[in-house]
Amino acid sequence: MAITPPSQRIWWHKPIDRIEALWVGIALVWCLVLFFWMPYWHLFGKQNLSNESYKTSPAAFEAKVQAMVEKHKVRTETSGDIPVVAPPPGSDVYMLGRTWEWYPILELKKGQSYRLHLSSVDWQHGFSIQPVNINLQILPGYETVVTLTPTQTGEFGVVCNEYCGVGHHTMLGKIYVKE
Amino acid sequence: MADTLFRQCPRSGLFFHRTGESLMKAHAVFAVVFFLIGGIFGLLVMLTRMPSVHLLDAETFYMALSIHGTDILIFWIIFFEVAVLYFASSTLLRVRPAAPALGWLGFILMVVGSIMTTLTFLRGNSSVMFTSYVPMPAEPTFYLGLILFAVGALVGCFLFLATLVIAKREKTYDGSIPLVTFGALTACIIAILSILFGAVILIPTFLWSVGLIPEVDPLVYRTIWWGLGHSSQQINVSAQVAIWYAIAAIVFGATPMSEKVSRTAFLLYILFLQLASAHHLLVDPGIGSSWKVFNTSYAMYLAVLASMVHGLTVPGSIEVAQRRKGYTNGLFEWLRKAPWDNPVFSGMFLSLIIFGFLGGITGVIMGTEQINLIIHNTIFVPGHFHATVAVGTTLAFMAITYFLIPVLFQRELILPKLAKWQPYLFAGGMTMLVIFMLGAGTLGVPRRHWDVSFSDALMQYQYAGTAITMLGMAGLGGILAAVGGGAYVLIAVGSLVFGRRLDQNATLLASFGVPLKPGSYTLVRPERLGMTPAEAEGAVSHAAPGTFTLALVFLATFVVYFFINAKYLSSLWHMS
């Protein structure tokens, strides 16, 4: 029994039951499939992270965001006058997380690629494009770079899905994707 | 003299050392206390996330969530696990526990630490969640409480190892240690490693919170903290698997199909489960893909392999034992004729099935590097770990409690009818909660979020109606689970207080200095623990075709669900 010592002193030599051995084999094959699926997706899948990221500081990142906003602002929205920015395709685009908003609003073109830079100036935040459901962890002091190519048009919400204080549930942002 | 005071439980034949038994009881009782506290806050959390109820205000909600996470994931489980360590060493090996005075010191540290951290939460300025990600600060006593608790648990771990040494030296058993003790040893080793990770990050964070260190890097924090946070969940896996084996032996007299396979599987846990910190960092900046792929897969999923092996060998050993008793018709007579009205068995079996089908499969899928993009920080994540920890671990602990109340606490169970239904109530409610959390998470609903209708936000976003409905359904499941959890506390505490005393000769009273009555604790060392009788392993074949069929169903579910998620991933915007 499992609560008493094994019946054979040298239990290592006891042969393994056929069914048990078969299951270990099947399970091992499936584990290898799961493992090799990841490098496979890096080679052939279209949804991979770039591994490109930099150390940054809140001030440095804010400056880059502000420079982009000033250059490419097309209008403002909401009672908070949040700028909407339409940067040219292929360019570096910035979005900043802070308590409690994603800043600024972006306007992108479908099928075009953008180098999206993300960081936080205070706590950790969760960058979550909805309803597409792309989720990234955003850390203060780190700048994440993702080359993003929207494949749908419409208005998308950016939810914060990492707890960031008592106003966490009011933290939203927006991305427009146009033809 | 206290060294050799044992009593033999007449109903199980197990030997309990006087001090070892008191230590077990003390840890188990505190475990249940924290289960109650954490459970109540869990119910409040659920009632707030149900859109139709939305009970608490935001500030209280985040506080309640912090308490629920910490008190359940750390305090309930680790208190219980230390009790399991004493049981698996002192009781199963018929040996005195090493340095019981230190054992009490460890216990007191755990009590002080857990109370300190919980009270700090209740003051309201430290709602930083179980994970306490920097740079969001908590009060210093929050970290200090955790550190004290961890030191206490570490003492318990080393005493477990010392007790094994004593048993070996005093030759209290023949051959190798029992498989259950081996599983507990696995849990103990993983616990020591986890606590060391915890020390490496929580001590600097504590020093930062009192102003002695200027900053703690958020990525360094996450990487090392999850060495504690995730690995501590792997203690649970090892402990709960050990309990599954123990219950199979206790209820059925089942013998492991192969000691070699089961022990190797435990060894794989020690070797590879530690890499799981990566599961939480798959969409973090600053870490490369090759590191992520290797670590998130526990080095090619060798720890997953181990769990799949236990998933076969535990029910397989039950099937073999049942078939030997003559339940040989068809594939599943052995399972149909199992004692489904015995909560020790039903709790254990539900724990195993739901842990595997819901917890295991979802865990591997969301731990796949790229698939994590559609799951990270959604309510899918707590959906997964309620299947593993709330059903897998907690229900296994509940099941063994029903065995321990008469055997360890020497009390008759009160409300046996309720006890019969309790595992079904709890598992049923939790399963409903889990499935709807997984569903809502797939639709992008965030975890740790007070209001997904964003009612007082500047911008707006509207989740699909289905997602909101699912949150409501999850809440109903949560309420049902809370009733099941409440029933457990009622039965456990009620039995300790009101249950008829069993085996009168060995009462609690006698263990505290009152002269011993004949037949209770004796000065005679228990006889050596012999090896499993050979006939228990038997000439009968080890065939377990029913279990193998179940395993194939499991594999098919796994494969299908994996590729559904891969397909979902492929529909996302392109990223490179």
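Naming: A, B, ... by sequence-line order, numbering from 1 per chain.
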### Query
Under 4.5 Å, heavy atom to heavy atom, which residues of residues 38-55 of chain A contact chain B?
A/M38, A/P39, A/W41, A/H42, A/K46, A/Q47, A/N48, A/L49, A/S50, A/N51, A/S53, A/K55

## Note on the structure
If one checks every heavy atom of B/T442 against chain A at 4.5 Å, the contacting part turns out to be backbone

#### Entry: Residue selection (most heavy-atom pairs with chain A, distance under 4.5 Å) from B/V452, B/V293, B/L92, B/I371
B/V293

### Query
So which part of B/D57 gets closer than 4.5 Å to some heavy atom of chain A, the side chain, the backbone, both or neither?
neither

### Task
Indicate, with yes or no, if the rings of B/F554 and A/W30 have centres closer together than 6.0 Å.
no

Side-chain donor-acceptor pairs of residues 79-100 of chain A under 3.5 Å, sequence neighbours excluded:
| unit_1 | atom_1 | unit_2 | atom_2 | d |
| --- | --- | --- | --- | --- |
| A/S91 | OG | A/P88 | O | 2.6 |
| A/D92 | OD1 | A/R115 | NE | 3.0 |
| A/D92 | OD1 | A/H117 | NE2 | 2.6 |
| A/R98 | NE | A/E101 | OE2 | 2.8 |
| A/R98 | NH2 | A/E101 | OE2 | 2.8 |
| A/T99 | OG1 | A/D122 | OD2 | 3.4 |
| A/W100 | NE1 | A/C164 | O | 2.7 |

### Query
Checking A/T170 side chain against B/D456 main chain: does a donor-acceptor pair fall under 3.5 Å?
no

### Message
Can a donor-acceptor pair be found, under 3.5 Å and without considering hydrogens, that links the side chain of A/Y163 to the backbone of B/S127?
### Response
yes

### Query
If only atom types and distance count, is the side chain of B/D451 paired as donor or acceptor with the main-chain N or O of A/H169 below 3.5 Å?
no

### Message
I'd like to know if the side chain of B/E259 and the backbone of A/W12 have a donor-acceptor N/O pair within less than 3.5 Å.
### Response
no

### Query
Counting N and O atoms only, with roles assigned by atom type, does the side chain of B/T532 sit under 3.5 Å from a partner on the main chain of A/P5, one being a donor and the other an acceptor?
yes

### chain A contacts, top residue of B/F558, B/Y463, B/F182, B/Y568 (heavy-atom pairs, under 4.5 Å)
B/F558

### Query
Under a 4.5 Å heavy-atom cutoff, which of B/A242, B/S176, B/G175 has the most pairs with chain A?
B/S176

